[in-house]
2 protein chains.
Amino acid sequence: MSKKQAILLNATKLFSQKGYKDTSMAELAKRTGSAGSTIFYHFKTKEALFLSILKNVRETIITDFNRYLKESRFENGLEMVEGAISFYLACAGRMEDQFRLLHRHYPHELAQANPLCRQHLEAIYECFIDMFAQAIGHGQKDGSIGILSARKTALIIFSMVDGLVRFNTYNLYDAGSLYDEVIESCRKMLKNS
Amino acid sequence: MSKKQAILLNATKLFSQKGYKDTSMAELAKRTGSAGSTIFYHFKTKEALFLSILKNVRETIITDFNRYLKESRFENGLEMVEGAISFYLACAGRMEDQFRLLHRHYPHELAQANPLCRQHLEAIYECFIDMFAQAIGHGQKDGSIGILSARKTALIIFSMVDGLVRFNTYNLYDAGSLYDEVIESCRKMLKNS
DNA sequence: AAATTGACTGAGCAATCAGTCAGTTTGTAG
DNA sequence: CTACAAACTGACTGATTGCTCAGTCAATTT
């Protein structure tokens with residue numbers, strides 16, 4: 001593995017586990033097994049390194065999402081929503097570090113000042129929220145889901161599922177043991193009656 | 001106002017807006033209009049200052065909660081849940097800084113190592129989650145809410161509502177415009193059918 | 001062989017950090 | 001007034017921060 005890749009890999013872990021400010025470039029260099037200045041050879045500033053990581057996260061998520069879209073088939077829209085929730089939770093489990101990074105305050109604060117950062121964040125969130133909204137839209141066409149605002153309901157479901165992931169990260173509650181109840185709750189929320 | 005109170009007030013704002021590490025005691029002193037060492041006269045360390053603030057947050061929330069309990073009366077459990085959601089959102093609006101502080105990673109990370117911090121956090125979360133669980137329990141007794149795990153459903157509702165508050169903080173979506181849909185979703189989720 | 005490149009390094013910089021300490025001011029009780 | 005403690009301050013420290021820079025080295029191009 002090249003030094004640059006090693007830096008990116010270790011920086012992702014450090015930024016997600018300790019936060020932006022608490023991650024020192026000296027420690028990152030030590031973990032990577034390189035000189036401190038090597039980091040600044042590959043990345044102009046600490047912030048540029050962070051943006052590079054965020055770009056990686058975005059690309060990984062979008063790739064994962066596209067693969068999921070191709071592979072999955074559902075009987076109706078309601079099942080599609082359930083599939084989307086499963087995908088989100090699986091995604092968060094598979095990419096624990098990356099999701100913890102997104103859940104930190106720093107990327108959102110940087111997004112206020114840095115358009116590129118905002119682009120990355122919006123692309124990631126839009127990907128997930130749109131996934132829910134599309135599924136709801138399908139469900140409304142095939143009659144498995146009742147009349148409601150697809151977009152707003154998508155935001156509510158996202159908020160719900162993302163909260164579970166946070167429960168996990170903070171060791172407040174095991175998200176897995178809530179899975180069945182979340183699916184059941186959504187079904188009741190959405191079902192055409 | 002005493003210097004100590006001024007320090008606490010400004011520190012709450014700074015910690016919530018900039019985060020723990022990004023808040024420098026020098027800047028806090030400047031804003032408070034006192035010498036840097038005055039902070040360390042009143043609070044032994046930066047961490048002790050933070051814990052003092054967290055204790056304040058806990059006490060404020062519990063007080064607010066008790067007042068709410070006394071003042072409010074509901075027809076049935078389902079309406080009680082809706083009232084609880086309103087209370088949570090109102091609370092988050094009234095104490096924006098304090099809620100942003102709770103949403104940061106630092107208190108949760110400190111809680112892993114510091115029992116006192118964990119106590120404060122657990123008291124705060126338990127207050128809200130129990131509020132939802134109790135309301136659900138009442139609803140199940142009076143028949144307005146169906147058969148489901150009160151505690152688990154309370155966690156799901158909390159996760160949902162807390163996510164809305166986060167949407168607001170990060171300027172991703174206006175929580176107010178989602179309010180009606182959230183209430184409607186919960187009603188469907190809980191209703192006895 | 002000479003020139004050029006990209007990857008990498010060690011030494012060191014100015015700035016900032018939380019925290020200390022000796023000493024001064026302030027309030028209050030006798 | 002004196003006495004005394006609590007409140008407060010400015011000057012300071014050692015450690016750490018992100019970042020710079022001159023220069024080394026191996027591989028590639030001319």
Side-chain angles (χ1 to χ4, degrees), chain A residues 1-56 101 104-114 116-117, chain B residues 1-56 101 104-114 116-117:
Chain A
M1 196 197 319
S2 74
K3 279 265 158 81
K4 190 175 177 179
Q5 278 179 308
I7 290 170
L8 279 168
L9 203 80
N10 283 287
T12 307
K13 276 189 192 167
L14 282 174
F15 278 140
S16 84
Q17 283 163 13
K18 314 183 79 179
Y20 181 79
K21 194 79 178 198
D22 264 317
T23 296
S24 92
M25 305 315 266
E27 195 195 343
L28 172 58
K30 205 172 154 192
R31 285 211 193 185
T32 313
S34 64
S37 46
T38 305
I39 297 169
F40 294 99
Y41 169 72
H42 290 291
F43 307 95
K44 213 178 155 196
T45 61
K46 189 183 182 182
E47 190 179 301
L49 168 61
F50 184 85
L51 281 173
S52 202
I53 288 171
L54 197 61
K55 192 184 158 214
N56 276 355
L101 200 77
R104 288 203 167 263
H105 275 225
Y106 183 74
H108 296 91
E109 274 152 18
L110 185 60
Q112 309 277 51
N114 186 315
L116 186 59
C117 180
Chain B
M1 195 196 321
S2 75
K3 280 263 158 81
K4 191 175 177 179
Q5 279 179 309
I7 290 170
L8 280 168
L9 202 79
N10 284 288
T12 308
K13 276 188 192 167
L14 282 174
F15 279 141
S16 83
Q17 282 163 13
K18 313 183 77 178
Y20 181 79
K21 194 79 179 201
D22 265 318
T23 296
S24 92
M25 304 315 266
E27 194 195 343
L28 172 58
K30 206 172 154 192
R31 287 211 192 185
T32 312
S34 63
S37 45
T38 306
I39 297 169
F40 293 100
Y41 169 72
H42 289 291
F43 307 95
K44 213 179 155 194
T45 60
K46 188 182 183 181
E47 190 179 301
L49 168 60
F50 184 85
L51 281 174
S52 201
I53 288 171
L54 197 61
K55 191 184 159 214
N56 276 356
L101 200 77
R104 289 205 166 262
H105 276 226
Y106 183 74
H108 295 91
E109 274 152 17
L110 185 60
Q112 309 277 52
N114 187 314
L116 186 59
C117 179

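Chain identifiers are assigned alphabetically (A, B, ...) following the order of the sequence lines, protein sequences preceding nucleic acid strands; residue numbering begins at 1 within each chain.
Within 4.0 Å of B:Ser2, counting heavy atoms only, lies no atom of the nucleic acid at all. Among the heavy atoms of the strands, none lies under 4.0 Å from B:Lys4.
The distance between the ring centers of A:Tyr106 and A:Phe15 does not fall below 6.0 angstrom.
With a 6.0 Å cutoff to the six-membered ring centre and a 45° limit on the axis angle, A:Lys4 does not count as a cation-pi contact of A:Tyr41. Figure legend: cation-pi geometry between B:Lys46 and B:Tyr20, with NZ or CZ positioned under 6.0 Å from the six-membered ring centre and within 45° of its axis.
In this structure, A:Tyr41 places its OH atom 18 Å from P of D:dG23, rounding to the nearest Å. Between the C1' atom of C:dG19 and the CD1 atom of B:Ile7 lies a distance of 14 Å, rounded to the nearest Å. We find that CD of B:Glu27 is positioned 10 Å from P of C:dA18, with the value rounded to whole Å. Straight-line distance from the NE2 atom of B:His42 to the C1' atom of C:dT20: 16 Å, rounded to whole Å. Separating the CG atom of B:Leu28 from the C1' atom of C:dT16 is a distance of 16 Å, rounded to the nearest angstrom. As a whole-Å value, the separation of A:Asp22 CG from D:dT16 P is 14 Å.
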With 3.5 Å as the limit, what N/O pairs link the protein to nucleotides 18-21 of chain D?
residue	atom	partner	partner atom	Å
D:dG18	OP1	A:Thr23	O	3.0
D:dG18	OP1	A:Lys46	NZ	2.7
D:dG18	OP2	A:Met25	N	3.0
D:dC19	OP2	A:Lys46	N	2.8

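Within the 3.5 Å criterion, the main-chain N or O of A:Leu8 finds a donor-acceptor partner in the side chain of A:Thr12.
The phosphate of D:dT9 (OP1 or OP2) has a side-chain N or O of B:Lys3 nearer than 4.0 angstrom.
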List the atom pairs, with distances to 0.1 Å, where a side-chain N or O of residues 31-40 of chain A and a protein N or O form a donor-acceptor pair under 3.5 Å, not counting sequence neighbours.
residue	atom	partner	partner atom	Å
A:Arg31	NH2	A:Glu27	OE2	3.3
A:Thr32	OG1	A:Leu28	O	2.5
A:Thr38	OG1	A:Ala35	O	3.2

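Taking the side chain as every heavy atom from C-beta outward, A:Leu54 and A:Leu116 never approach each other to under 4.5 Å.
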